[in-house]
Engineer: 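Please read through the structure below; I'll follow up with questions.
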Amino acid sequence: EVQLVESGGGLVQAGGSLRLSCAASGFTFDDYAIGWFRQAPGMEREGVSCISSMNGMNGGTYYADSVKGRFTISSDNVKNTVYLQMNSLKSEDTAVYYCAADFLGRLCLPLEYDYWGQGTQVTVSS
């Protein structure tokens, strides 16, 4: 059974940092793109950052323009865990953050992803 479990969300002041973790199980980690997506109230779910060993994702990682230079995605293939380090957080980063997996994935689009975690709330106070 595929499972994705997010952790690390919380309340932080603007300018602060959080690190999200996504622990994956039930599938061959290297065969999947893993992505972080977020959804704010009344907004569509959007791709924040994705990581993949497949050709096609630029350098193996993708970042939305809104988070470039502030967020860093990384993976620990031994622990089957993907991290999202979020620095210089802004109020507009407030959302529920989801981890998702896509078999042989090359894109960072929500519709492409088959497996989803339950989400973790990130709230940035200004």
Side-chain angles (χ1 to χ4, degrees):
E1 180 188 3
V2 174
Q3 282 196 315
L4 298 165
V5 180
E6 303 100 333
S7 61
L11 173 65
V12 64
Q13 287 189 332
S17 299
L18 284 174
R19 189 176 80 154
L20 305 183
S21 299
C22 172
S25 62
F27 60 92
T28 303
F29 196 67
D30 289 347
D31 290 340
Y32 282 74
I34 305 293
W36 285 99
F37 301 84
R38 67 186 181 188
Q39 189 165 20
M43 304 292 286
E44 291 188 356
R45 193 169 295 188
E46 63 173 349
V48 175
S49 183
C50 297
I51 189 167
S52 173
S53 61
M54 302 297 136
N55 292 329
M57 197 172 289
N58 185 30
T61 58
Y62 163 88
Y63 294 95
D65 287 343
S66 59
V67 307
K68 282 180 182 176
R70 300 188 298 122
F71 291 10
T72 303
I73 192 169
S74 62
S75 68
D76 184 332
N77 287 12
V78 174
K79 295 182 177 180
N80 283 8
T81 300
V82 172
Y83 304 97
L84 185 68
Q85 178 67 43
M86 306 187 295
N87 298 329
S88 303
L89 283 161
K90 305 175 181 180
S91 57
E92 51 262 44
D93 295 319
T94 296
V96 178
Y97 283 70
Y98 297 91
C99 171
D102 179 29
F103 181 61
L104 301 180
R106 290 171 167 79
L107 301 174
C108 200
L109 298 173
L111 289 177
E112 298 288 324
Y113 284 69
D114 304 308
Y115 303 103
W116 292 82
Q118 80 286 354
T120 186
Q121 177 70 47
V122 171
T123 303
V124 184
S125 63
S126 55

Engineer: Show me, pair by pair, the donor-acceptor contacts under 3.5 angstrom made by side chains of residues 91-105, not counting sequence neighbours?
Structural biologist:
{"residue": "D93", "atom": "OD1", "partner": "R38", "partner atom": "NH1", "Å": "2.9"}
{"residue": "D93", "atom": "OD1", "partner": "R70", "partner atom": "NH2", "Å": "3.0"}
{"residue": "D93", "atom": "OD2", "partner": "R70", "partner atom": "NH1", "Å": "2.7"}
{"residue": "D93", "atom": "OD2", "partner": "R70", "partner atom": "NH2", "Å": "3.4"}
{"residue": "D93", "atom": "OD2", "partner": "K90", "partner atom": "N", "Å": "2.8"}
{"residue": "T94", "atom": "OG1", "partner": "S91", "partner atom": "O", "Å": "2.9"}
{"residue": "T94", "atom": "OG1", "partner": "V124", "partner atom": "N", "Å": "2.9"}
{"residue": "T94", "atom": "OG1", "partner": "V124", "partner atom": "O", "Å": "3.4"}
{"residue": "Y97", "atom": "OH", "partner": "R38", "partner atom": "NH1", "Å": "2.9"}
{"residue": "Y97", "atom": "OH", "partner": "D93", "partner atom": "O", "Å": "2.6"}

Engineer: Are the side chains of I34 and S75 in contact, using a 4.5 Å heavy-atom criterion?
Structural biologist: no
Engineer: For S125 and L11, work out which heavy atoms get closest and say how close.
Structural biologist: CB-CD1, 4.3 Å
Engineer: Shortest non-hydrogen contact from S49 to C108?
Structural biologist: C-SG, 3.8 Å
Engineer: Is any side-chain heavy atom of P110 closer than 4.5 Å to one of F37?
Structural biologist: yes
Engineer: Does any N or O in the side chain of T120 come within less than 3.5 Å of the main-chain N or O of G9, such that one atom is a donor and the other an acceptor?
Structural biologist: yes
Engineer: Quick check against the 3.5 Å criterion: does Y83 have a side-chain atom that pairs as donor or acceptor with the backbone of T72?
Structural biologist: no
Engineer: Among residues at least two apart in sequence or on other chains, which ones pass side chain to side chain contact (heavy atoms under 4.5 Å, CB included) with A64?
Structural biologist: Y62, S66, V67
Engineer: Can you sort out the partners of N87 under side chain to side chain donor-acceptor pair (under 3.5 Å), two or more places apart, ordered by chain and number?
Structural biologist: S17, Q85
Engineer: For the residue pair A14 and S126, what are the closest heavy atoms and their distance?
Structural biologist: CB-CA, 4.2 Å
Engineer: Using side-chain heavy atoms (C-beta onward) and a distance below 4.5 Å, is D114 in contact with V2?
Structural biologist: no
Engineer: Measuring from atom OG1 of T28 to atom CG of N80, what distance do you get when rounded to the nearest 0.5 angstrom?
Structural biologist: 9.0 Å
Engineer: Go through the structure and list residues passing side chain to side chain donor-acceptor pair (under 3.5 Å) with D65, not counting sequence neighbours.
Structural biologist: K68
Engineer: In Å, rounded to the nearest 0.5 Å, how long is the span from OH of Y113 to CZ of R45?
Structural biologist: 13.0 Å
Engineer: SG of C22 to CG of D76: how many Å apart, nearest 0.5 Å?
Structural biologist: 12.5 Å
Engineer: Residues two or more places apart in sequence or in another chain: which of them pass side chain to side chain donor-acceptor pair (under 3.5 Å) with T123?
Structural biologist: Q121
Engineer: Hey, are the side chains of W36 and M86 touching, using non-hydrogen atoms and a 4.5 Å cut-off?
Structural biologist: no
Engineer: Once you round to the nearest 0.5 Å, how far does CZ of F71 lie from OG of S88?
Structural biologist: 9.0 Å
Engineer: Go through the structure and list residues passing side chain to side chain donor-acceptor pair (under 3.5 Å) with S21, not counting sequence neighbours.
Structural biologist: none
Engineer: Do F27 and L4 have side chains that get closer than 4.5 Å, going by heavy atoms?
Structural biologist: yes
